[in-house]
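Since we're looking at a predicted model, the values are computed, not measured. Protein chains get the first letters and strands the later ones, always in sequence-line order, with residue 1 at the start of each.
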Amino acid sequence: MKIATWNVNSLKVRQQHVIDWLELSHVDVLCLQELKLPDEKFPRADLEAAGFRSWFAGQKTYNGVGILVREGIAVDETSIVRNIPGFDDPQQRVIAATIDGVRIVSAYFPNGQAPGTEKFAYKMRWLDALREWLDTEMKTHPRLALLGDYNIAPEDRDVHDPKAWEGQNLVSPEERAHFVRLVELGLTDAFRKFEQPEKLFTWWDYRMLAFRRNAGLRIDHILLSADLAAQCTACEVDRVPRKWDQPSDHAPVIATIG
DNA sequence: ATGGCACTGAGACAGTGA
């Protein structure tokens, strides 16, 4: 099974990119973030015509997450969870589903704006709630994958210019400590399980020709529980759709299980 | 600071988010 994550920065604008990429990549499960549309605008029928069923938690303007699943793969309809249970939040950032026996979590972590701001404090609270929920979730679902836009670059090698970024949002010690705490639940960064080229990122600012300069960050991740990590045979970033016309600022990340 | 993209309410483009 190939599972992937992609922050599409508006599914309305990127719908055709998603459909084209599903065809190219041969993934079985695609977690989406930043749908930026309410549920009634979700292009369910078009994706179904492309061979994928979808589950989503959308909202107007901001956020919104979804999971696309290739036709024929078993999805437990009773397993769908939207948002972090017990964490009251109008922002739609989490959806989970049990797919072919694997607990798949699609998550759009808060950006945080800058350390010291109210948005950063929200990011910290959200990360606490996510970790506590996953801790219990992993006890009932030993096969679990957390995919999404984490808005955290875990290490300096995940940053094009660590000196310029030092202490800033997305790389601050507080955020990195949260990433470590997630790993300490028993999760493995699928990307780092394998030898990778240097300076391979997943997000590049639209401004200042950042993609052309490869001035990026690795902030989109796939964390796997021990069971899945043991069966993971590949993890790669696909930069191709970042080169298409009117691209998302993020590239998809893919993990192959089995 | 820099300054690209998507979105909103509005019916042009400034404000917000990331």
Side-chain angles (χ1 to χ4, degrees), chain A residues 5-21 31-43 46-47 56-66 83 89-95 106-127 130 147-154 158-172 174-176 178-179 201-221 237-253:
Chain A
T5 179
W6 194 7
N7 178 324
V8 290
N9 185 21
S10 170
L11 183 57
K12 184 189 170 194
V13 175
R14 236 67 68 185
Q15 180 179 328
Q16 196 55 50
H17 279 26
V18 168
I19 290 169
D20 290 347
W21 191 75
C31 295
L32 298 174
Q33 299 87 37
E34 283 210 83
L35 304 177
K36 293 188 171 178
L37 42 76
D39 286 350
E40 60 270 22
K41 297 270 179 68
F42 191 97
D46 292 323
L47 291 164
F56 43 86
Q59 68 179 91
K60 199 175 159 187
T61 313
Y62 303 121
N63 310 309
V65 287
N83 293 314
D89 190 353
Q91 302 187 33
Q92 304 298 306
R93 296 183 174 278
V94 170
I95 185 165
S106 175
Y108 175 46
F109 291 40
N111 174 279
Q113 191 175 41
T117 63
E118 173 47 40
K119 283 174 187 164
F120 192 87
Y122 163 72
K123 184 176 193 172
M124 297 298 109
R125 290 196 301 277
W126 189 93
L127 283 160
L130 178 75
L147 306 90
D149 175 0
Y150 285 54
N151 270 314
I152 301 172
D158 302 313
V159 180
H160 71 97
D161 186 348
K163 217 168 188 178
W165 277 85
E166 192 176 355
Q168 293 204 52
N169 195 45
L170 310 182
V171 311
S172 73
E174 299 97 307
E175 291 161 274
R176 286 178 168 178
H178 267 290
F179 188 89
F201 308 121
T202 67
W203 171 82
W204 303 261
D205 201 304
Y206 285 121
R207 296 169 288 187
M208 302 177 290
L209 305 169
F211 184 66
R212 219 166 76 181
R213 297 188 292 120
N214 196 31
L217 303 177
R218 192 175 72 94
I219 56 175
D220 300 86
H221 308 293
V237 175
D238 186 359
R239 280 175 294 188
V240 167
R242 187 63 176 80
K243 299 169 189 171
W244 293 346
D245 282 345
Q246 213 181 354
S248 166
D249 44 356
H250 293 254
V253 184

Over how many whole Å does the gap from [X] atom [atom1] to [N] atom [atom2] extend?
X: Asp249(A); N: dA6(B); atom1: CG; atom2: P; value: 9 Å
X: Tyr122(A); N: dA18(B); atom1: OH; atom2: P; value: 9 Å
X: Trp165(A); N: dT2(B); atom1: CH2; atom2: C1'; value: 12 Å
X: Gln168(A); N: dA18(B); atom1: CD; atom2: P; value: 16 Å
X: Trp244(A); N: dC5(B); atom1: CH2; atom2: P; value: 17 Å
X: Leu209(A); N: dC5(B); atom1: CG; atom2: P; value: 10 Å
X: Gln59(A); N: dA6(B); atom1: CD; atom2: P; value: 18 Å
X: Lys36(A); N: dC5(B); atom1: NZ; atom2: C1'; value: 8 Å

Between dA18(B), dG17(B), dT8(B), which one does the side chain of Asn111(A) approach most closely? dA18(B)
Of the listed nucleotides (dG4(B), dT2(B), dG17(B)), which one gets closest to any side-chain atom of Tyr62(A)? dG17(B)
Roughly how far apart, to the nearest Å, are [N] and [M] at atom [atom1]?
N: dC7(B); M: dA12(B); atom1: C1'; answer: 15 Å
N: dT2(B); M: dA6(B); atom1: P; answer: 23 Å
N: dG11(B); M: dC5(B); atom1: P; answer: 26 Å
N: dA18(B); M: dT8(B); atom1: P; answer: 15 Å
N: dG15(B); M: dG4(B); atom1: C1'; answer: 16 Å

Identify, between Asn9(A) and Trp203(A), the residue whose nearest nucleotide on DNA chain B lies closer to the 5' end. Asn9(A)
Which is more 5' along DNA chain B, the nucleotide nearest Asn7(A) or the one nearest Leu35(A)? Just name the residue. Leu35(A)
Look at the side-chain N and O atoms of [X] and state whether any lies under 4.0 Å from the OP1 or OP2 oxygen of [N].
X: Arg14(A); N: dC5(B); value: no
X: Lys60(A); N: dG9(B); value: yes
X: Ser10(A); N: dC7(B); value: yes

Exercise: do Trp203(A) and Asn7(A) side chains pair donor with acceptor under 3.5 Å: no
Taking the side chain as C-beta and beyond, is there a heavy-atom pair between Asp149(A) and Ile219(A) under 4.5 Å? yes
If you define the side chain from C-beta out and look only at heavy atoms, does anything of Lys41(A) sit under 4.5 Å from Lys12(A)? no
What distance do Leu47(A) atom CG and Leu11(A) atom CG have between them, rounded to the nearest 0.5 Å? 6.5 Å
One should read off an interatomic distance between Ile95(A) CD1 and Phe56(A) CZ, to the nearest 0.5 angstrom, of 8.0 Å
Using a cut-off of 4.0 Å on non-hydrogen atoms, how would the nucleic acid contact of Gln246(A) be classed: base, sugar-phosphate, or nothing? sugar-phosphate
Under 4.0 Å, heavy atoms only, any strand: does Tyr108(A) hit a base, just the sugar-phosphate, or nothing? sugar-phosphate
One pair to check against side chain to side chain donor-acceptor pair (under 3.5 Å): Asn169(A) and Asn111(A). What are the steps and the verdict? CA-CA 8 Å; Asn169(A) 195 45; Asn111(A) 174 279; 3.1 Å; yes
